[in-house]
Amino acid sequence: MMDSSDTAYMLRALELAKKGYTSPNPMVGAVIVRDNKIIGEGFHTKAGEPHAEINALRGIDASGATLYVTLEPCSHYGRTPPCTDAIINSGISRVVCAMQDPNPKISGIKQLKEHGIDVKVGLLEGKARKLNEAYITYMTTGVPFVVLKSAMSLDGKTATSSGDSKWITGEDARSYSHKLRGRYDAILVGINTVLADDPSLRSTAGKDPLRVILDSILKIPLDSKVLSDSNVLIATTGHMDSKKNDLLKRAGIEVLQCGEMIVDFKQLIISLGKLGITSVYIEGGSEVNASAIEAGVVDKIIFFIAPKLIAGVESKPVIGGHGSTSMADAKELHDVSVHRCGNDIIVEAYLKPRNH
């Protein structure tokens, strides 16, 4: 039986989990409570570092206490020893876990129960699954979780008829968007974005994502900011400029052929998964957005909407391509959420129904 205090402690564990930048590991938070008082807290900071449970147990006597943890404790040796051993040895008598780990190697719940620990599973599972949606997708499918982000005016435009797009959204929204980059393993743009804006595609927080550039014939200038180091992958085609290909490879830039005439999005995403990329953050233009959606690789959209009207048939829409010919063919979004960021509105939604 679980009550409101259980919920409050799990909510605290979920907040702690958000502090970590842990890919390819999941984000996990842990809270240890005895006599209705928190005696230990922890979260997983990054892959290779101690897990949330270990950090929460550090320096305390946890005998007879309850552990609230957002994901099933690990039970095997990976980069770190199994958390189940530490939990069992600590004297914790009860564990409340938000969700089971989709990793088939994990049997932490079973092990804890075998050692007489009372284990409850499923409290705030929906929130826990959303927190680790990229980890769950990659662990269960082997392909990255793909997020398409775009900024637009209220009438769905990303640039004026002259191509001017700076700045559609306000400073708060742009800052938030840059921080989001640090949550994903890779950030993807098209060559037109590189040619027009010469972005560095760096993150202002968290990890520095792999920069993925769609460039079907290798038009990318060698002095582009995005090529300032080798943490770059260029997806191209059989029509690539072979001389440019050689120059890029000599500079340590990985060039990956995905298709003959145009970049095959599905092939690219599968290839990124094989490279260990668990999540991709698309910041493309109109045509890249259309290609990704038409290829069926997008799991989630994040649209930043500014209270501006650009208008005009020549201005750029957020999604190009041919579009739907009937409302029955329109892409239906699920689990839609809306919130403010400064003067702008952020809409988050999923293209595929989520398994709560």
Side-chain angles (χ1 to χ4, degrees), residues 18 21 130 133-134 145-214 224-226 279-293 297-321 323 330-331 333-351:
K18 293 175 185 177
Y21 293 89
K130 183 170 183 179
E133 55 196 7
F145 183 78
V146 179
V147 175
L148 189 154
K149 171 261 172 182
S150 194
M152 72 189 82
S153 62
L154 192 59
D155 54 345
K157 306 294 186 179
T158 61
T160 66
S161 57
S162 68
D164 182 21
S165 61
K166 293 185 178 178
W167 295 103
I168 292 177
T169 55
E171 188 174 336
D172 289 346
R174 295 198 301 274
S175 176
Y176 176 62
S177 176
H178 286 177
K179 288 178 182 177
L180 279 177
R181 291 175 178 175
R183 289 286 178 191
Y184 299 95
D185 287 354
I187 178 170
L188 184 152
V189 301
I191 183 59
N192 289 336
T193 295
V194 174
L195 295 175
D197 301 331
D198 193 23
S200 66
L201 301 182
R202 300 285 185 177
S203 170
T204 57
K207 66 187 298 179
D208 187 29
L210 173 72
R211 281 98 69 194
V212 179
I213 315 299
L214 305 186
S224 298
K225 290 178 184 176
V226 75
S279 57
V280 178
Y281 186 63
I282 299 176
E283 281 194 333
S286 174
E287 296 308 315
V288 169
N289 292 348
S291 296
I293 290 174
V297 301
V298 177
D299 296 286
K300 180 179 181 178
I301 61 101
I302 303 178
F303 283 175
F304 291 73
I305 304 173
K308 298 176 182 177
L309 299 174
I310 294 176
V313 294
E314 297 298 326
S315 52
K316 292 286 185 181
V318 65
I319 301 171
K331 302 290 185 184
L333 302 178
H334 306 268
D335 298 291
V336 180
S337 63
V338 181
H339 59 278
R340 290 279 296 272
C341 185
N343 288 327
D344 302 310
I345 299 168
I346 301 177
V347 178
E348 298 188 20
Y350 297 82
L351 269 79

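By convention here, the first residue in the shown sequence is residue 1.
- Going from atom CG of D208 over to atom CD1 of I187 covers 9.5 Å, rounded to the nearest 0.5 Å.
- Residues that satisfy the side chain to side chain contact (heavy atoms under 4.5 Å, CB included) test with V338, not counting sequence neighbours, are V336, I345, V347.
- Contacts of D185 classified as side-chain hydrogen bond (donor to acceptor under 3.5 Å, both in side chains), with partners at least two apart in sequence or in another chain: S23, K207, T278.
- Taking D155 as the reference, S153 meet the side-chain hydrogen bond (donor to acceptor under 3.5 Å, both in side chains) condition, with sequence neighbours excluded.
- Partners of K331 by salt bridge (charged side-chain N to carboxylate O under 4.0 Å, His left out), not counting sequence neighbours: none found.
- N289 places no side-chain N or O within donor-acceptor distance of the main-chain N or O of L148, the cut-off being under 3.5 Å.
- At least one side-chain heavy atom of L351 sits under 4.5 Å from a side-chain heavy atom of L333.
- In this view, Y281 and Y184 satisfy the ring pair (Phe, Tyr, Trp, His ring centres under 6.0 Å) rule, not counting sequence neighbours.
- With sequence neighbours excluded, the residues satisfying side-chain hydrogen bond (donor to acceptor under 3.5 Å, both in side chains) with E283 are S177, R181.
- Residues passing the side chain to side chain contact (heavy atoms under 4.5 Å, CB included) test with T193, sequence neighbours excluded: V189, D197, P199.
- With sequence neighbours excluded, the residues satisfying side chain to side chain contact (heavy atoms under 4.5 Å, CB included) with A306 are I168, T169, K308, D344.
- For the pair R211 and K225, the minimum side-chain heavy-atom distance is 4.5 Å or more.
- Panel note: side chain D198, backbone S224; no donor-acceptor pair is recorded below 3.5 Å.
- In this view, L154 and I305, L309 satisfy the side chain to side chain contact (heavy atoms under 4.5 Å, CB included) rule, not counting sequence neighbours.
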